[in-house]
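None of the values given here were measured: they were computed from a predicted structure.
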Amino acid sequence: MGATTRAAALNGQQWIGGIYPPGDARLHWAARQISDLHERYSVAWYGEVTPALGLTDGADVETWQATIGTSPTQPTISKRPEYSSAWPSIAFDDVGEALISPLDLSASNTACAFIVADRAAGMSAAFRVLLEHGRYYVSATGFSIFAHPTNERIYVGIGTAGDYQDAYWDGYGSGRHVYAFTADASAGAGAQIRGWIDGVEVAPTATSGTGMAGSFGNDSIYIGARSDGAGGLERPMNGNVRAAIALASIPTDEEIALVSHALAVRAGVAI
């Protein structure tokens, strides 16, 4: 049974003539998976880029209107990413652009994030941030999803310098993917991070670090780069972000698979 079949069967969806019904019914199925996730776990933030946002191609994005939670914004003109109509998404260009939204995950030692992105290969330097909550490796405990462009890996890191864990997956360093990652401070070191790529759980190529201590704190979510601690941005990504979800708890494996497929349906990603 393929990954899509498994995900559909998990929610009792046995479509006649295929896994999903055609047209609008397929989109309604996808929307319901995301809505159900929010009802069960109280999603902290969910944003999706669609033509309904009313942006013009190439326009600077000051505010990404969120479906759930506080909309990410960028008050500084030179740090604003652009809207791309080709694959409705927000484009970041490797020079220091980011959108930021206050986000409090302090009530939990767990976190889950989904992100739909199309990332360019061959970015300069190392470790480009797709999404980060808090300040990974700096003071407050953080949760970061980032890429290492020269070796085509996707990384996830949790914790702070001296007390952290990270994991990486080879072979997913560029291209269009639906990612889902979870962090659980109660798990043992080496087992705190799990990852689903394109709807299927994939074991990390390697993990390292001593584990995470403490909660994620009351901080902000950064998309496309992160704060450098001095009013600027660092680790900017080169690529496009279509959708993202963050919550302060970990859904079941079945729910993560379903939501991953729902995001793929809505974003037109073949998985």
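Residues forming a side-chain hydrogen bond (donor to acceptor under 3.5 Å, both in side chains) with Tyr136 (at least two apart in sequence, or on another chain): none. Scored by the side-chain contact (heavy atoms from CB on, under 4.5 Å) test, Ala113 finds Leu131, Phe143, Ile145 as partners (sequence neighbours excluded). For the ring-ring contact (aromatic ring centres under 6.0 Å, His included) test, residues two or more places apart in sequence or in another chain that qualify with Tyr168 are Tyr155. Asp118 is linked by a salt bridge (charged side-chain N to carboxylate O under 4.0 Å, His left out) to Arg176, counting only residues two or more places apart in sequence or in another chain. By the side-chain contact (heavy atoms from CB on, under 4.5 Å) test, Pro204 is found to be paired with Ala167, Trp169, Thr207, residues two or more places apart in sequence or in another chain being considered.
Under the 4.5 Å side-chain criterion, counting only non-hydrogen atoms from C-beta, Arg128 is not in contact with Phe92. Contact check for Leu99 versus Gln74: side-chain heavy atoms found under the 4.5 Å cut-off. Annotation: side chain of Pro236 is not in contact with side chain of Glu97 (no heavy-atom distance under 4.5 Å). By the 4.5 Å heavy-atom criterion applied to side chains, Glu82 and Asp93 are counted as neighbours. The shortest side-chain heavy-atom distance between Phe114 and Leu247 falls under the 4.5 Å cut-off. Side-chain contact between Arg235 and Phe146 is absent, with no heavy atoms from C-beta onward closer than 4.5 Å. You'll find the side chain of Arg119 reaches within 4.5 Å of the side chain of Ile154, heavy atoms only. Between Val265 and Leu27, some side-chain heavy-atom pair lies under the 4.5 Å cut-off.
Between the side chain of Glu201 and the main chain of Asp253, no donor-acceptor pair closer than 3.5 Å is present. Distance alone, capped at 3.5 Å, places no donor-acceptor pair between the His177 side chain and the Tyr172 backbone. A donor-acceptor distance shorter than 3.5 angstrom exists from the side chain of Trp87 to the backbone of Ala267, with no hydrogens or angles considered. Side-chain atoms of Gln33 do not come within 3.5 Å of backbone N or O of Val259 as any donor-acceptor pair. A side-chain donor-acceptor contact under 3.5 Å links Asn109 to the backbone of Ser215.
Screening residues 49-71 for side chain to side chain donor-acceptor pair (under 3.5 Å) gives Asp57-Ser85, Gln65-Ser71 as the qualifying pairs, with residues at least two apart or on separate chains.
Taking each heavy atom of Ala111 and Ile250 in turn, the nearest pair found is O-CG1, 3.8 Å. Taking both residues in full, the closest heavy atoms of Met212 and Ala185 are given as CE-CB, 3.0 Å, listed atom of the first, atom of the second, then distance. The nearest pair of heavy atoms linking Asn240 to Ala91 is ND2-CB, 3.8 Å. What you find for Ile271 and Gly199 is that their closest heavy atoms are CD1-N, 4.2 Å. Closest heavy-atom contact between Gly211 and Asp163: O-OD1, 2.8 Å. In plain terms, the two heavy atoms of Val129 and Arg226 that are nearest each other are CG2-CD, 4.0 Å.
Between His38 and Tyr46, the gap from one ring centroid to the other reaches at least 6.0 Å.
No side-chain donor-acceptor contact under 3.5 Å links Asp184 and Thr110.
No continuous path of hydrophobic side-chain contacts links Tyr222 to Ile90 [ILVMFWY only; heavy atoms under 4.5 Å]. If you chain together hydrophobic residues whose side chains sit under 4.5 Å apart, Tyr83 and Ile100 never meet in one group.
Annotation: the span from Lys79 atom NZ to Leu233 atom CG amounts to 5.0 Å, rounded to 0.5 Å. Between the CZ atom of Arg153 and the CZ atom of Phe127 there is a distance of 8.5 Å, given to the nearest 0.5 Å. To the nearest 0.5 Å, atoms CD1 (Ile158) and CD (Gln165) are separated by 5.0 Å. For the atom pair CZ (Phe216) and CG (Leu103), the distance works out to 11.0 Å, reported to the nearest 0.5 Å. Atom-to-atom distance recorded for Ile34:CD1 and Ile245:CD1 is 5.0 Å, nearest 0.5 angstrom. Taken to the nearest 0.5 Å, the OG1 atom of Thr205 stands 4.0 Å off from the CG atom of Asp170.
No salt bridge links Asp219 with Arg135; every basic N to acidic carboxylate O contact stays at or beyond 4.0 Å.
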